[in-house]
Protein chains: 2
Amino acid sequence: MNGLHIDVKDCSQCPIRHRAVCSRCEPDELETLENIKYYRTYEAGQPILWSGDHMEFVASVVTGIATLSQAMEDGRTQMVGLLLPSDFIGRPGRERAPFDVVAVSDVTLCCFRRRPFEEMMTQTPHIGQRLLEMTLDELDSAREWMLVLGRKTAREKIASLVLIIARRDSSLRRKLPADGMTFDLPLTREAMADYLGLTLETVSRQISALRKTGTIRLEGKRHVIVPDLDALISETGDDYDGGMIA
Amino acid sequence: MNGLHIDVKDCSQCPIRHRAVCSRCEPDELETLENIKYYRTYEAGQPILWSGDHMEFVASVVTGIATLSQAMEDGRTQMVGLLLPSDFIGRPGRERAPFDVVAVSDVTLCCFRRRPFEEMMTQTPHIGQRLLEMTLDELDSAREWMLVLGRKTAREKIASLVLIIARRDSSLRRKLPADGMTFDLPLTREAMADYLGLTLETVSRQISALRKTGTIRLEGKRHVIVPDLDALISETGDDYDGGMIA
DNA sequence: GCGCGACATTGACCAGGATCAAAAAGGTGC
DNA sequence: GCACCTTTTTGATCCTGGTCAATGTCGCGC
């Protein structure tokens, strides 16, 4: 089971699609929306939420990719989450966003106004249970990522990220890895660097290194072919196949 | 509100205290326990759970300190959580432990047999709600730690860790920081290194450096005095006072 | 007190990744 | 096609933190 499936009663007029230039631009419009559930789209590169923003809604990603990240005053930034379709944004019970959320590609969110959503949660316990399960999964992957950030070499970091993207991609398409896995990197070199705690130059160098040894092949800048998945796995530093998707 | 407060009906014979040499040593004894809730103690240094272990119980820490960590085959290890009194161990709905749990000091756990606990959760929704809240908090702190691991210098990492320990300590004692905050480091240099993605030598060097500039003072190896909290905060790289406890 | 072992500090040297800089490769609009 | 801009690659050099090794400190049992 992927994502959070919720039936909202008075949802006849959904989906309402409206486009926002910036998450802070139209609080009034948002405030006057009477329905609980609505859709919202963002263009690639647009901010969805800034850390500290008042959160009017919780949402789940319908299409596109967004990132969750944290920035220091001097510009150093660390990505702390990658949001793919079916991932959840926001926290019932919290007023303010703890991190920045940015659309990497064009993104459609399915939003729920926060207050009504919280009420709904108290009435239908399975929503809370499902949300707990999803949050625990996120916590586990955050902790796995801490190992990558704290202990892996640049080479291992890159291999780990490529592997994660490969797996997520093939699980999204429900296509099991065949002889030659092939997929697109959804992130720029800089975004990969922010995910891995590296500089973009190092990311580029290590991708080139993996290419030179034949572990991956590239078509253009973004399209990746993995001829031998085991070879890639052995570059990650984890020797066994930890979290292979079913 | 700290921790998870649960009333168990037939708890007249609690607490049952029994001591385990190893979490894997006495499945039979555990299996035959009829009550839902029981206490269990571990000595400093003992493993509580190995990654992959079958989890018979969920628990919350009553006294002592435990760590959650992840190891690579070659010995590199990364701590991914620090469990203090009132923190929760385990995951309803999961058979196996995802990480290693080790007692750093003597630890007492309040355990709940997993199956009955899960049933209890479906019946009393506030337990699930509270657990969701705690899990979201843990997720936030894991993500904040990702910034430390990925982007901070060794010096900033040490300052961040000392600050976190200082705050947790003063919040546990409900004693607000006075002119000279004073507390013990509960971790060895090596454990700090595993938390921060550093080597123990670097930890030692950076603690010495903070001592030489007067940011902290040491009495013995473990006892720390922070004469000026702001000076310490400015060493963390976060310029503003992000998550100061109430 | 003495000796032992665990933990911590300090030093010398090295290397992986950062930094600074320049060139190359794609896209996109005209 | 061509010019322009963004993204990426590659190169040269530097520096933080890792590695290897020695020394110091503390606590504890005898």
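Excluded from the calculations below are hydrogen atoms, water molecules and symmetry mates; all remaining heavy atoms, backbone and side chain alike, are included. Throughout, a chain's letter reflects where its sequence line sits, starting with A, and its residues are numbered from 1.
Contacts of A:Gly197 with the nucleic acid, taken as non-hydrogen atoms under 4.0 Å apart, involve only primed sugar atoms and P, OP1 or OP2. Residue A:Ser208 is in sugar-phosphate contact alone, with no base atom involved, counting any heavy-atom pair closer than 4.0 Å across all strands shown. Nucleic acid contact class of B:Ser204 (heavy atoms, under 4.0 Å, all strands): base.
Both B:Gln206 and B:Gly220 lie close to DNA chain D; mapped to their nearest nucleotides by heavy-atom distance, the more 5′-ward contact belongs to B:Gln206. Comparing A:Lys221 and A:Ala154 against DNA chain C, the residue whose closest nucleotide sits nearer the 5' end is A:Ala154.
Between A:Glu219 atom CD and C:dA25 atom P there is a gap of 17 Å when expressed in whole angstrom units. Atom CG of B:Leu200 is separated from atom P of C:dC7 by 11 Å (rounded to the nearest Å). Straight-line distance from the CD atom of A:Glu190 to the P atom of D:dT9: 13 Å, rounded to whole Å. Whole-Å rounding puts the A:Leu149 CG to C:dG17 P distance at 13 Å. Across the protein-nucleic acid pair, A:Ile158 atom CD1 and D:dT9 atom P stand 10 Å apart, rounded to whole Å. Atom CZ of A:Arg151 is separated from atom P of C:dG17 by 14 Å (rounded to the nearest Å). Rounded to an integer number of Å, the gap from CZ of B:Arg222 to P of C:dT9 is 10 Å. If you take CG of A:Asp184 and P of C:dG27, they are 11 Å apart, rounded to a whole angstrom.
Atoms CE and OH, from B:Met146 and A:Tyr195 in turn, are 6.0 Å apart once rounded to the nearest 0.5 Å. For the atom pair OG1 (A:Thr236) and CD1 (A:Ile164), the distance works out to 9.5 Å, reported to the nearest 0.5 Å. From A:Asp100, atom CG reaches atom CD1 of A:Ile48 across 11.0 Å, with rounding to the nearest 0.5 Å.
No donor-acceptor distance shorter than 3.5 angstrom exists from the side chain of B:Thr215 to the backbone of B:Ala231, with no hydrogens or angles considered. Side-chain atoms of B:Arg211 do not come within 3.5 Å of backbone N or O of B:Leu218 as any donor-acceptor pair.
For C:dG16, neither phosphate oxygen OP1 nor OP2 lies less than 4.0 angstrom from any side-chain nitrogen or oxygen of A:Thr202. Contact check, A:Arg211 against D:dT9: no side-chain N or O comes under 4.0 Å of OP1 or OP2. Look at A:Thr199 and you won't find any side-chain N or O under 4.0 angstrom from OP1 or OP2 of C:dG17.
No hydrogens or angles were tested; on distance alone, nothing pairs the side chain of B:Arg155 with the base of D:dG17 as donor and acceptor under 3.5 Å. The base of D:dG11 sits with one of its N or O atoms less than 3.5 Å from a complementary donor or acceptor on the side chain of A:Arg205. A donor-acceptor contact under 3.5 angstrom links the side-chain atoms of B:Glu201 to the base of D:dC20. For A:Arg189 and D:dT10, a side-chain-to-base donor-acceptor distance below 3.5 Å is absent, hydrogens and geometry of angles not being considered.
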